[in-house]
Number of protein chains: 2
Amino acid sequence: MKKAEETKQIILDKAYELIYSNGYNATSIDDIIHASRLTKGAFYYHFKNKEEMALAMLNDVLIPYLQETMVQPLNNTVSPADDLYGMVSYLLLDDPYFEPAFGCPLGNLIQELAPTNGSLNSALLTITNEWEEAIVKCVNHGKKTGLLKAETKAKQVATMIMSGYWGARLLGKIHASNAPYKVYLKELKQYLQSI
Amino acid sequence: MKKAEETKQIILDKAYELIYSNGYNATSIDDIIHASRLTKGAFYYHFKNKEEMALAMLNDVLIPYLQETMVQPLNNTVSPADDLYGMVSYLLLDDPYFEPAFGCPLGNLIQELAPTNGSLNSALLTITNEWEEAIVKCVNHGKKTGLLKAETKAKQVATMIMSGYWGARLLGKIHASNAPYKVYLKELKQYLQSI
DNA sequence: CAATAAACATACCAACTAGTATTTTTTTAT
DNA sequence: ATAAAAAAATACTAGTTGGTATGTTTATTG
C-alpha cells in the first residue's frame, strides 16, 4: 500500500499542472494519464471519475499550498500593512509555482467552474472564505494596535485586496507578463498607507 | 443580401450568450446552431470555423458594447472620482446584460483563452488597452483640474481600478451574488477619495 | 418569371471525450 | 516461494467534437 499512493500522487500532481496551465475542461483524462505515463486502468482504479479526481487534486494539492502561501503568512502578524503587502507581493512576484501567463490557479477554477459545477465549488468557496477571514483578522488586529485607522472596515479591505490580486492576475495573463503586477503593487502600497 | 445578415447576427448573438454563460470551450457549434434554430450549413456558410466566428462575435457584439459601457462614460469627464466610480458601479450593479453568476464577459474570455489562443487574444488585449487608456486620461484630467492629487500616478490608478473590478467579478461568481460587489464599491469609494 | 447564385439543410467523417469490461502484471502477506 | 489481492494495462463503447461534401431551398436580378 505504498506504491499505489505514489502513483495516485503522480496523477494528482500532473492533473494540477495541466489544469493550471490549460484549464479544467481543456484537460482531458487522456492528457493526464499520458503526462503521468500511466493508463486508464490506473486512473480509474484510483478515482471514480474526472470530478472526484479534481476534488482530490484540490484537497491534496492546491488547497494545502494556498493555505501555506495565502493564509499562514497573515497569522501572528506584526505590521498588518506590511504583511498584507508581503502576502500579495510574494504571490505575484516570488511564488515559484505561479506564472503570469497562467494566472492564479484558484481564480482560474472559480472563473471556469463557478457557473456550472457543484461539488468542486464548495471547496473553492471554502478556501476563498479562509483567505478572506485571514485578511479580516489581520486588519482587525491592526486596528486594535493602532497601526490602522479605527474607521477602516476590515471586510471591505479584504474584498479590495482579494479583488485587486485576482484582477492583477488577469492583467498579467492578457499581457503574458508580470509587468502589470509591479504597477498594481505600487498602487497597493499607496492604498495600504491610506487605511 | 439582407436576410443573410440577419441570420449571421442571430448566430453571433446566440454565440455571445452561450459563451458568456458557459465559456468558450464549453460552448459547441452544435449548441450555437441549436439555440439559433439553424444548422451546420448556415453556420459554415457564414464563418470559416469556430475561431473566426468568435472573432466576429467579439468585434460585432462584445467590443462595441464594452466601448459603450466602459470607455465612453469616461469621455468628457467632469468629476473623475465620481465618473470612475459611476463606470464601475454601473457595470457591477446596473448593467442589464451582465450577471454575477457569469462574471465579466471580457474577463472570462481573457481568463480562458489567454494561455492558448492567438487571434482572439489581440482583440481582447486591444479593448483592454482602450479601457486602461480611458481611465488614465480621466485621471490625468483630474490631476490637471486639481480634483486629484498631483502625486497620483494615473497608470497605477488605472491598474488598481481594472484589477479591482475584475477581481470583484470573481468574488461575485463564487458567491453567485452581487453582495461582494457592494462591499467592493464601498471600499472603492474610500480609495477614490484618497487619490 | 425564369435563371442563377446565394443561403441554408442533411448526411456524413475522423478525432476525441469520459467511462467500462476484461485481462495482465505487480505487490504484499503468508 | 506462492497464493491472494491489489494495481495497472489493454481493448472497447457510446456520445460528442469541429469540420466537410453534397444536397435542397430561398431570394434576388435580368
Side-chain angles (χ1 to χ4, degrees), chain A residues 1-58 60 108-109 112-113 115-121, chain B residues 1-58 60 108-109 112-113 115-121:
Chain A
M1 300 184 187
K2 198 70 178 301
K3 185 83 187 311
E5 280 303 312
E6 266 178 48
T7 65
K8 185 176 178 181
Q9 207 57 43
I10 289 175
I11 293 175
L12 292 180
D13 287 344
K14 291 292 177 187
Y16 166 74
E17 276 181 43
L18 291 170
I19 290 173
Y20 172 44
S21 51
N22 302 328
Y24 178 77
N25 286 312
T27 302
S28 71
I29 292 172
D30 281 345
D31 290 339
I32 295 167
I33 61 180
H34 187 259
S36 309
R37 301 181 162 277
L38 290 167
T39 57
K40 284 244 166 106
F43 184 95
Y44 281 97
Y45 176 80
H46 289 284
F47 307 103
K48 214 182 85 193
N49 52 35
K50 188 183 179 183
E51 193 173 335
E52 297 257 311
M53 183 280 299
L55 199 59
M57 181 272 276
L58 280 184
D60 296 4
N108 293 355
L109 288 170
E112 185 176 2
L113 300 178
T116 63
N117 198 281
S119 87
L120 297 181
N121 257 338
Chain B
M1 297 186 190
K2 197 73 180 297
K3 185 87 186 313
E5 280 304 311
E6 267 180 47
T7 65
K8 185 176 179 181
Q9 207 57 44
I10 290 175
I11 293 175
L12 292 180
D13 287 344
K14 291 291 176 186
Y16 166 75
E17 277 182 42
L18 290 169
I19 290 173
Y20 172 44
S21 51
N22 302 328
Y24 178 76
N25 286 311
T27 301
S28 70
I29 293 173
D30 281 347
D31 290 339
I32 295 168
I33 61 180
H34 187 258
S36 308
R37 299 181 162 277
L38 289 167
T39 58
K40 284 244 166 106
F43 185 94
Y44 281 97
Y45 175 79
H46 289 283
F47 307 103
K48 213 182 87 191
N49 52 35
K50 188 183 180 185
E51 193 173 333
E52 298 257 312
M53 183 280 299
L55 199 59
M57 181 273 276
L58 280 184
D60 295 5
N108 293 355
L109 288 171
E112 186 176 0
L113 301 179
T116 63
N117 199 282
S119 86
L120 296 180
N121 257 338

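Naming convention: chains lettered A, B, ... in sequence-line order (proteins, then strands); numbering from 1 in each chain. Since the model is a prediction, treat every value here as computed from it, not as a measurement.
Here D:dT17 presents its P atom at 12 Å from CG of B:L18, a figure rounded to the nearest Å. The interatomic distance linking B:N25 (CG) with C:dT17 (C1') rounds to 13 Å, in whole Å. One atom, CE of A:M53, and another, P of C:dA18, lie 9 Å apart when rounded to the nearest Å. Between B:N49 atom CG and D:dT17 atom C1' the separation is 14 Å, expressed in whole Å. Taking atom NZ of residue A:K40 and atom P of nucleotide C:dC16, one finds them 12 Å apart after rounding to whole Å. Taking atom CD on A:E5 and atom P on D:dA6, their separation rounds to 14 Å, with Å as the unit. In this structure, the OH atom of B:Y45 is 18 Å from the P atom of D:dT25, given to the nearest Å. In this entry the distance linking CD1 of B:I29 with P of C:dC12 reads 20 Å, nearest Å.
Under 4.0 angstrom from either OP1 or OP2 of C:dA6 there lies no side-chain N or O belonging to B:H46. An OP1 or OP2 oxygen of D:dT17 is reached within less than 4.0 angstrom by a side-chain nitrogen or oxygen of B:S28. The phosphate of C:dG19 has OP1 or OP2 within less than 4.0 Å of a side-chain N or O from A:Y44. Between B:T7 and C:dA7, a side-chain N or O to OP1/OP2 separation shorter than 4.0 Å is absent.
Not a single donor-acceptor pair, N or O on each side, falls under 3.5 Å between the base of D:dG19 and the side chain of B:K50.
Between B:A35 and B:K14, the closest heavy-atom pair is O-CE, 3.6 Å. Across all non-hydrogen atoms, the minimal contact from B:S119 to B:E51 is OG-OE2, 2.8 Å. What you find for A:T27 and A:L18 is that their closest heavy atoms are OG1-O, 3.3 Å.
Two residues are said to be in side-chain contact when any heavy atoms from C-beta on lie closer than 4.5 Å; A:N108 and A:I19 fail this criterion.
Side chain of B:A42, nearest nucleotide from D:dA8, C:dC8, D:dT17: C:dC8.
B:K40 places no side-chain N or O within donor-acceptor distance of the main-chain N or O of B:I29, the cut-off being under 3.5 Å.
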